[in-house]
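Residue numbers start from 1 in every chain, and the chains themselves are labelled A, B, ... in the order their sequence lines are given, proteins ahead of strands.
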There are 4 protein chains.
Amino acid sequence: MSAGGRRRRGERAEPSRKQLMVAAIDCFARLGYQGTSIDRIARDAGVTKGAVYCHFRDKEDLLFEAVKDRVGSFEHQVLRAVPAGQDVVLALRNVAEACFFHATVSNHRRFIITLMVEALDTNPRLSAEFRQMLRRFRGFLASIVRIGQEQGVFRRDVEPEVASSALMGGIMGAEIEHYQDPQVVDLRRVLDLLIDQTLAWLAPARASTAA
Amino acid sequence: MSAGGRRRRGERAEPSRKQLMVAAIDCFARLGYQGTSIDRIARDAGVTKGAVYCHFRDKEDLLFEAVKDRVGSFEHQVLRAVPAGQDVVLALRNVAEACFFHATVSNHRRFIITLMVEALDTNPRLSAEFRQMLRRFRGFLASIVRIGQEQGVFRRDVEPEVASSALMGGIMGAEIEHYQDPQVVDLRRVLDLLIDQTLAWLAPARASTAA
Amino acid sequence: MSAGGRRRRGERAEPSRKQLMVAAIDCFARLGYQGTSIDRIARDAGVTKGAVYCHFRDKEDLLFEAVKDRVGSFEHQVLRAVPAGQDVVLALRNVAEACFFHATVSNHRRFIITLMVEALDTNPRLSAEFRQMLRRFRGFLASIVRIGQEQGVFRRDVEPEVASSALMGGIMGAEIEHYQDPQVVDLRRVLDLLIDQTLAWLAPARASTAA
Amino acid sequence: MSAGGRRRRGERAEPSRKQLMVAAIDCFARLGYQGTSIDRIARDAGVTKGAVYCHFRDKEDLLFEAVKDRVGSFEHQVLRAVPAGQDVVLALRNVAEACFFHATVSNHRRFIITLMVEALDTNPRLSAEFRQMLRRFRGFLASIVRIGQEQGVFRRDVEPEVASSALMGGIMGAEIEHYQDPQVVDLRRVLDLLIDQTLAWLAPARASTAA
DNA sequence: CATGAATGAGTTTTCATTCAT
DNA sequence: CATGAATGAAAACTCATTCAT
């Protein structure tokens, strides 16, 4: 009770599991998995090392939980940002907007990108998880493109899968540039240009009039 | 004779410094800086741990030497691929081609991307080095765009800096996707589409009126 | 249970921090700082290397803690041995007695002398600490001399600072000789002679004719 | 020949063995045996590590050679400073003078004291060497005292061995204080006082009343 | 649940020593 | 003699994990 842990009435018990997740996500996003020690996470969460093992089997478990949390949350956000039946052009813009939001306001996107790169050859299981996530995301973008093609809004001689790869890569790459050099790379403008470019490219050939 | 690396006469001294660099670059590219132990590098290079310290002050020194080597080499390759006075369209295609080459045949590009992401918050000095490199690269791409604009080959209402950010991000992102999922992401096709898209976007307006 | 130091219930927690300090002091006194490995200290204390880092930041921290502990303890002993208002002659004898005690029964004096010599050019910060300690000690001795002079017990044409330097040096030197060659150098007799000599020298001139 | 090693005509080949000894003595005096690396000595001597092994079997051999060199040289100096048949009072003053000289002009005395303390429990063989040296030195001082006693210049109720221990300890201790705090401890004055004190003590009792 | 001391394996680094040239 | 690359053992330190309380 003297050890600072007592909460006042109504102070929402702040389950330390949640705090640990928050701290872990932040640390992993900035320092990577290998660069983050359990001790660091615990300290940031305001508990001791031992407490981590009350909630998670080991460091990897914490990692997977964090990834599941962030990936799920992000995908949910994107789906919410793109209601079914929406204008496909608006849909693509909204996806970019969601990415922008999560890349600047939260560090969810950076968390994903950082761990994805790190996991490539060091954590096959995690890497597989990310692979699935990217496939879902590309599939999602490709489906938007496909709908646009069916609606006659997009030209038909473009493979939706390749186009979605290019778009997704463009978004990720722009983010990395921005994390690296926020003073020079204005993420908003780069993403806007990226979407404009994509839409122009997808516009049916005639006298292409992108939004 | 059993005592390790002693070479017999005429056995081509195979300067172990070079071998250490090669091993280090490969390990760092795949496992990251923190994920690579000195011991691993030494073993891969066929020497003992101690030998590493014969050639490099410490692990970080080895890292910086490796980065300097790879970045320098890559930039040299790109400059060679784009002779001065070349057609700007061809120039952009050649840049993409060089990236494709170094992303698939060697692992130089992956080395750079992996370390760039890892260094963000863990190694400010290295991160600054990468920041400079990206600025040079963006500046180089922007100069090509600018020349195209002066030649009337590219439209003039596009800011070269933003366009080069989008292009560079697109390349890096496509590479990451490819490293993640080589079976699904055909880097060549994605890069081709990326360049096509960029060139279409840069094409002088005939009737195209993008927002 | 086999996993080492886990104590059974009631087994008197024997705080290992204390044991580590004891082991460290003993090792440093005999082997010097550089000659003592963390592993050695841990083994002597009956714990593993890792435990050391549980209680001390690093080897140097352990060193400074040990020095602080011993120096403080020794100064405390000396002050207790020389109550305020005591006969100055008795005071000097008691100081020598305290040194004798800590040089033979414990190894506190040897600890201080060993580290003081080693630190000279290898650890400026520690050396400064010892410098302060010696200044305090000399100041303390000088104050006794000064009081004796005021009381008319000691002659007045002697500088207390120089006299205290000679006395302190005499004590330290005698100890070193004794550590070196305990069979030949009888520390008690040398210290006694030293004090006799000092007191004779400090005695008010009656007919004393020094060369 | 390009490697800087070529000497001009007449430049006295400066046998590197000598330079290595000089460098070793200096390093050992300041940093101790364990605190000095072979590489450091070699660098200070202007050669490479390997060269050390051309002249000395190993680090310990270099140590013993250095000790032999310094101890021999110092004893020789002292003997020269005290010609046989000299006035015993002058003899003691000259010994102190020789110590002062070698403690301030060269670092021979510090070399001896540093290694003597370090060797105590870490190098029994070296420690034995120093023990012999101290015995010789004490014997030498004791013989002077004894001669003085026979000449009636010194009182006879003092044991020469104990007196010489006190004197030798006083000299060593004063030196250590001076190495520690040269700005506060004026070695010359402390040694002078020490000799005065000793001589006063040794003066035949006329009215001298020690406590 | 939570703490914090402790373990033990693994990491970076140092350094005396060897040896082909 | 001298060099300098290389070895190998030992050192300091880190950190995920365990466990008694």
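Closest to the Thr48(C) side chain, of the nucleotides dA6(F), dT7(E), dT17(E), is dT7(E). Comparing dA5(F), dT17(E), dA2(E) by their nearest atom to the side chain of His55(B) picks out dA5(F). Considering only the side chain of Ser16(D), dA2(F) comes nearest among dT3(F), dA2(F), dG8(E). For Tyr53(B), taking side-chain heavy atoms from C-beta onward, the closest of the listed nucleotides dA2(F), dT17(F), dT12(E) is dT12(E). Of all nucleotides listed (dT17(E), dC1(E), dA12(F)), dA12(F) comes nearest to the side chain of Lys59(C). Taking only side-chain atoms of Ser37(D), from C-beta outward, the nucleotide of dA16(F), dA16(E), dA5(E) with the closest atom is dA16(E). You'll find that the side chain of Ile38(B) is closest to dT12(E), out of dT3(E), dT12(E), dG8(E).
Separating the CD atom of Glu60(B) from the P atom of dT12(E) is a distance of 12 Å, rounded to the nearest angstrom. One interatomic measurement links the two molecules: CG of Leu62(A) to C1' of dT17(F), which rounds to 14 Å at whole-angstrom precision. The interatomic distance linking Phe56(A) (CZ) with dT18(F) (P) rounds to 16 Å, in whole Å. Between Ile41(C) atom CD1 and dC13(F) atom P there is a gap of 11 Å when expressed in whole angstrom units. Rounded to an integer number of Å, the gap from Arg43(B) CZ to dA6(F) P is 18 Å. Rounded to an integer number of Å, the gap from CZ of Arg40(D) to P of dT14(E) is 15 Å. We find that CG of Asp61(A) is positioned 10 Å from P of dT17(F), with the value rounded to whole Å. Atom pair Arg57(D):CZ and dA16(E):C1' shows a separation of 14 Å (rounding to whole Å applied).
Of the nucleotides present, dA9(F) is the one that pairs with dT14(E) by Watson-Crick or G-U wobble criteria, both distances under 3.5 Å. Base-pair partner of dC15(F): dG8(E) (Watson-Crick or G-U wobble, both distances under 3.5 Å). A 3.5 Å limit on both hydrogen-bonding distances identifies dT3(F) as the Watson-Crick or G-U partner of dA20(E).
Remark: the Glu118(C) side chain and the Asn123(C) side chain contain no N/O donor-acceptor pair separated by less than 3.5 Å. For the residue pair His108(A) / Ser73(A), no side-chain donor-acceptor distance below 3.5 Å is found, with atom types taken as modelled. Looking at Gln19(A) and Asp44(A), their side chains never bring a donor and an acceptor atom within 3.5 Å of each other.
In this structure, Arg125(A) forms a cation-pi arrangement with Phe64(A), its terminal cationic atom sitting closer than 6.0 Å to the ring centre and no more than 45° off the ring axis. Taking the ring axis of Phe28(D) as reference, the NZ or CZ atom of Arg110(D) does not stay both within 45° of it and closer than 6.0 Å to the ring centre.
Residue order along DNA chain F, read from the 5' end via each residue's closest nucleotide, puts Val47(D) first among Val47(D) and Gln34(C). In this structure, Asp39(D) and Gly46(A) both approach DNA chain E, and ranking their closest nucleotides by distance from the 5' end singles out Gly46(A). Positionally, the nearest nucleotide of DNA chain E for Cys54(C) lies more toward the 5' end than for the other of Asp58(B) and Cys54(C).
The pair Glu65(B)-Arg17(B) meets the salt-bridge criterion, with a side-chain N (NZ, NE, NH1 or NH2) lying under 4.0 Å from an Asp/Glu carboxylate O.
Not a single donor-acceptor contact under 3.5 angstrom links the side-chain atoms of Lys49(B) to the base of dT7(F).
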